[in-house]
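Structure first, commentary second.
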Amino acid sequence: MQAASARLRGRRVMIVEDEMLVAMELEALLAEEGCAVVGPAPTTARALALLDEELPDAAILDVNLDGQTAAPVAAALNAQGV
C-alpha cells in the first residue's frame with residue numbers, strides 16, 4: 001500500500017460529487033495520501049469551470065449529479081488526456 005501512496009503524493013485529483021458528505025470523505029482520504037484536491041464540484045457546470053482553471057492528474061466522478069450526467073466532464077477530461 002505504501003507504493004500506491006507514494007504514487008498519489010502530489011497528484012491533483014478532481015472530485016465531482018453532489019453529496020457533500022461523500023465529497024468531504026473523499027477529500028479527506030485523498031489529502032491523507034498527499035493529494036491536492038481540485039473541487040469538489042457538485043455540478044457538471046462547476047466541474048467544467050474548474051477544468052478551465054486547472055487540469056487535474058486524475059478525477060473521481062459521480063455519474064449522476066442530482067439528475068444530471070457527468071458525461072460532459074468525463075469527455076472533457078478524456079479530451080485533455082486525463
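Because the structure is a prediction, the values reported are computed rather than measured.
Once rounded to the nearest 0.5 Å, the distance linking CG of L29 with CG of L8 reads 11.0 Å. Note that CZ of R46 and CG of L51 are 10.0 Å apart. Values are rounded to the nearest 0.5 Å. The distance from atom CD of E25 to atom CD1 of I15, rounded to the nearest 0.5 Å, is 10.0 Å. From M20, atom CE reaches atom CD of E27 across 9.0 Å, with rounding to the nearest 0.5 Å.
With contacts defined as side-chain heavy-atom distances shorter than 4.5 Å, the pair D18/P40 does not qualify.
Of the residues listed (L50, V16, D62), the one engaging V73 in a side-chain contact (heavy atoms from CB on, under 4.5 Å) is V16, and it is the only one.
I60 and V82 fall into different hydrophobic clusters, where Ile, Leu, Val, Met, Phe, Trp and Tyr side chains are chained together by heavy-atom contacts under 4.5 Å. Linking Ile, Leu, Val, Met, Phe, Trp and Tyr residues whenever their side-chain heavy atoms come within less than 4.5 Å leaves V63 and M14 in two separate clusters.
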Could you go step by step and tell me if V22 and L26 meet the side chain to side chain contact (heavy atoms under 4.5 Å, CB included) rule? CA-CA 6 Å; V22 173; L26 288 170; 4.1 Å; yes

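Judged purely by atom type and a 3.5 angstrom limit, E17 uses its side chain to pair as donor or acceptor with the backbone of E19. A donor-acceptor pair under 3.5 Å links the side-chain atoms of D57 to the main chain of R12, judged by distance alone. With T43 contributing its side chain and L65 its backbone, the two residues share no donor-acceptor pair below 3.5 Å.
Here the closest heavy-atom approach between residue A59 and residue L77 is recorded as CB-CD1, 3.6 Å. Shown here for T44 and A70, the closest heavy-atom pair between the two residues is OG1-CA, 4.1 Å. The minimum heavy-atom distance linking C35 with V13 is given by the pair SG-CG2, 4.0 Å.
Other residues, nucleotides and ligands contribute over 12 non-hydrogen atoms within 6.0 Å of the CG atom of N64.
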